[in-house]
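Read the numbers this way: they start at 1 and go in the same order the structure lists the ligands and their atoms.
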Amino acid sequence: MTILITGGAGFIGSHVVRLFVKKYPNYKIYNLDLLTYAGNLENLKDIQNTPNYTFIKGDINDSEFIDTLFEAYKFDTVIHLAAESHVDRSIKDPMAFVKTNVFGTVNLLNASKKIWDNNFENKLFYHISTDEVYGTLGDTGLFTETTPYSPNSPYSASKASSDHFVRAYGETYGLPFIISNCSNNYGQNQFPEKLIPLFINNIINMKPLPVYGDGNYTRDWLYVVDHAIAIELLFSKGKKGETYNIGGFNEWKNIDLVKVLCKQMDLKLGRKKGDSEKLITYVKDRPGHDLRYAIDASKINRELGWKPSVTFEEGLSITIDWYLSNKEWLKNVTSGEYQNYYEKQYKQH
Ligand code: NAD
Ligand code: DAU
């Protein structure tokens, strides 16, 4: 079997690529990634010379290149993670999200349709999506697979659109697909623009921790390796034409999470209790900020027996340890463009 994983040099993609390369020595695993600011081959250094693994640098927005690539390699499965993934960036530049997340996805769908040519046996287009497509919850309730889509940010609107295209290709052309919608991931290799790695980096450097609004926003956190395990399970045992929610059963208000992070960081850095908490700074809110996400992941649990394998405390501890022992990685990704982004994103606060 020949598998294409897009966005495999990014945060979640790199964990998915590693899992597949190790689990399927007889399958050919191709990782297609443009290496944007968020993509980093350092994330895959440990497996880069494995015989069943090939990296291809390329842009999913380039339809000619994508068609040629699919013709050449005749992929059986596409696991699609490549995307613009950060909500704050989508507020500043929505079109970049329309291009990659919508057009890029449709390019991959068209290329799959073309090479599979109505012969869909053992073929799969697996689209990785987000719980943000459902919009926001109030204080109670959970997102299920049948919750109506109601995206509130340019990022989630672009992901919702790509989900619709995948489903539509299933209905219209019979393309075999699976979509999974996952909650907030954290773990090793996450780019330090997202809450947890940004705050770890700022605590290391004794910089302010910019909490948006009153900090009473809730997210459901899942350790990234558990997401990768769920993706492999759905690839191998999921029902085609279905959507699955994946979540951590692990809701935290931002401010409570940040305080736990501060405590763990003080201990690990040998700093005085309370030192990191002093860095907390309430700043202007994110426009259109969704109040609460929480996933009902009972379908994947019931049908395939999946549940998170680590507790949040364990996952967070592993994550902090990784960033503390990979300061070079952090330094490399936070030089250059990152400084401009940081300056623009946080200067008004
Ligand atoms: P990321 O930003 O860390 O990685 C995205 C990867 O896609 C990068 O390696 C980047 O180089 C690549 N890429 C971007 N544009 C490309 C293009 N035009 N052509 C080829 N490659 C391109 O993202 P992530 O957090 O790992 O998220 C991966 C996927 O999972 C996304 O589709 C995202 O919507 C989804 N998701 C993320 C989370 C989360 O908490 N991070 C949760 C649920 C779903
Ligand atoms: O729910 C899944 C989604 O989770 C994924 O689809 C997205 O790709 C991923 O980026 C993530 O989106 P969020 O917007 O929830 O993640 P982020 O880490 O940006 O923010 C988490 C919460 O922390 C959110 O309520 C905003 C808040 N926040 C974030 C940043 C970067 C702050 O208070 N301060 C910050 O500086």
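Each of the atoms 1 (O), 2 (C), 3 (C), 5 (C), 6 (O) of ligand 2 lies under 4.0 Å from some heavy atom of T130. Against a heavy-atom cut-off of under 4.0 Å, L198 is close to the following atoms of ligand 2: 36 (O). Near V87, meaning under 4.0 Å from any of its heavy atoms, are these atoms of ligand 2: 14 (O). The Y293 neighbourhood of ligand 2 comprises atoms 1 (O), 15 (O), with distances under 4.0 Å to a heavy atom of that residue. Near N254, meaning under 4.0 Å from one of its heavy atoms, ligand 2 places the atoms 22 (C), 23 (O), 24 (C), 25 (O), 27 (C). Interface of H86 with ligand 2, defined as ligand atoms under 4.0 Å from a residue heavy atom, comprises 19 (O). Heavy-atom proximity to H289, at under 4.0 Å, picks out these atoms of ligand 2: 24 (C), 25 (O), 26 (C). Taking every non-hydrogen atom of D131 and a distance limit under 4.0 Å, the qualifying atoms of ligand 2 come out as 1 (O), 2 (C).
Residues N326 and Y323 have side chains that never bring a donor and an acceptor to within less than 3.5 angstrom of each other. Residues Y73 and T54 bring no donor and acceptor atom of their side chains to less than 3.5 Å of each other. Using modelled atom types, one finds a donor on one side chain and an acceptor on the other under 3.5 Å when comparing K194 with S85. With hydrogens and angles left out, the side-chain atoms of W329 and N43 include a donor and acceptor closer than 3.5 Å. Residues T144 and D296 have side chains that never bring a donor and an acceptor to within less than 3.5 angstrom of each other. Counting only N and O atoms by type, the side chains of N181 and T130 include no donor and acceptor under 3.5 Å apart.
Aromatic ring pairs are classed by plane angle as parallel below 30°, tilted from 30° to 60° and perpendicular above 60°; the pair Y37 and F191 is perpendicular. Using a 30° and 60° split on the angle between ring planes, Y186 and F312 fall in the perpendicular class, above 60°.
Scanning the protein heavy atoms around atom 3 (O) of ligand 1, the nearest turns out to be F11 N, 3.1 Å. Here the protein heavy atom with the shortest distance to atom 34 (O) of ligand 1 is Y155 OH, 2.7 Å. Ranking protein heavy atoms by distance to atom 32 (O) of ligand 1, first place goes to K159 NZ, 2.7 Å. For atom 11 (O) of ligand 1, the nearest protein heavy atom (residue, atom name, distance) is D33 OD1, 2.5 Å. Here the heavy atom of the protein found nearest to atom 4 (O) of ligand 2 is N184 ND2, 3.1 Å. Closest to atom 3 (C) of ligand 2, if we only count protein heavy atoms, is E132 OE2, 2.9 Å.
Between N245 and K299 the shortest side-chain heavy-atom distance does not fall below 4.5 Å. Taking the side chain as every heavy atom from C-beta outward, T100 and F97 never approach each other to under 4.5 Å.
Distances between N or O atoms of N40 and those of ligand 1 include no value under 3.5 Å. The N/O atoms of L81, backbone and side chain alike, include one that comes under 3.5 Å of an N/O atom in ligand 1. When only interatomic distances are considered, the shortest N/O to N/O separation between Y155 and ligand 2 falls below 3.5 Å. For ligand 1, none of its N or O atoms has an N or O atom of A82 under 3.5 Å away. In terms of N/O distances under 3.5 Å, ligand 2 is not approached by Y217. Between C182 and ligand 2, no N or O atom pair is found at a separation short of 3.5 Å. Between S183 and ligand 2, no pair of N/O atoms sits closer than 3.5 Å. Not a single N or O atom of E193, backbone or side chain, sits closer than 3.5 Å to an N or O atom of ligand 1. In terms of N/O distances under 3.5 Å, ligand 1 is approached by D59. Residue R219 has at least one N or O atom closer than 3.5 Å to an N or O atom of ligand 2. Looking at V211 next to ligand 2, no N or O pair under 3.5 Å apart turns up. Taking distance alone, with nitrogen or oxygen atoms compared against 3.5 Å, E193 stays at or beyond that limit from ligand 2. For ligand 1, the polar-atom distance check finds an N/O of S85 within less than 3.5 Å of one of the ligand's N/O atoms. Checked by distance only, ligand 1 and T130 stay at 3.5 Å or farther apart across all their nitrogen or oxygen atoms.
Annotation: cation-pi geometry satisfied between R89 and Y341 (NZ/CZ under 6.0 angstrom from ring centroid, within 45° of ring axis).
We find that K99 and E84 are not joined by a salt bridge, their nearest charged nitrogen and carboxylate oxygen being 4.0 Å or further apart. Using a 4.0 Å cut-off between charged side-chain N and carboxylate O, D321 and K268 make a salt bridge. Ionic pairing of R286 and D88 is present here: one or more N-O contacts between side-chain nitrogen and carboxylate oxygen are shorter than 4.0 angstrom. At a threshold of 4.0 Å, the pair K114-D117 does not count as salt-bridged, since none of the basic side-chain nitrogens sits closer than that to a carboxylate oxygen.
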For this session: Apply ring pair (Phe, Tyr, Trp, His ring centres under 6.0 Å) to F70 and F75, showing your working.
Result: CA-CA 6 Å; F70 275 61; F75 305 113; 5.0 Å; yes
For this session: Give the C-alpha distance, both sets of side-chain angles, the deciding distance and a yes or no for side-chain hydrogen bond (donor to acceptor under 3.5 Å, both in side chains) between N52 and Y24.
Result: CA-CA 8 Å; N52 63 335; Y24 296 109; over 6 Å; no
For this session: Take K123 and D76, measure what salt bridge (charged side-chain N to carboxylate O under 4.0 Å, His left out) needs, and give me the verdict at the end.
Result: CA-CA 5 Å; K123 305 291 186 255; D76 299 299; 3.1 Å; yes
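When the options R286, E84, K253 are ranked by their closest heavy atom to atom 14 (O) of ligand 2, first place goes to R286. Distances from atom 7 (C) of ligand 2 to the heavy atoms of S153, P210, S85 show the closest one on S85. Across the listed options I12, N107, T36, T36 owns the non-hydrogen atom lying nearest to atom 10 (C) of ligand 1. Heavy-atom proximity to atom 44 (C) of ligand 1, evaluated over A96, G39, A38, S129, is greatest for S129. Of the candidates G7, G247, A83, S183, the one placing a heavy atom closest to atom 5 (C) of ligand 1 is A83.
No close placement of the Y126 and H80 rings is indicated, their centers lying 6.0 Å or farther apart.
Under 4.0 angstrom from ligand 2, the non-hydrogen atoms of K194 come from both its backbone and its side chain.
Note on Y149: it does not cluster hydrophobically with L291, by side-chain heavy-atom contacts below 4.5 Å among ILVMFWY residues.
For the ligand labelled ligand 1, residue T100 lies inside the 4.0 Å heavy-atom shell. In this structure, A9 has a heavy atom closer than 4.0 Å to ligand 1.
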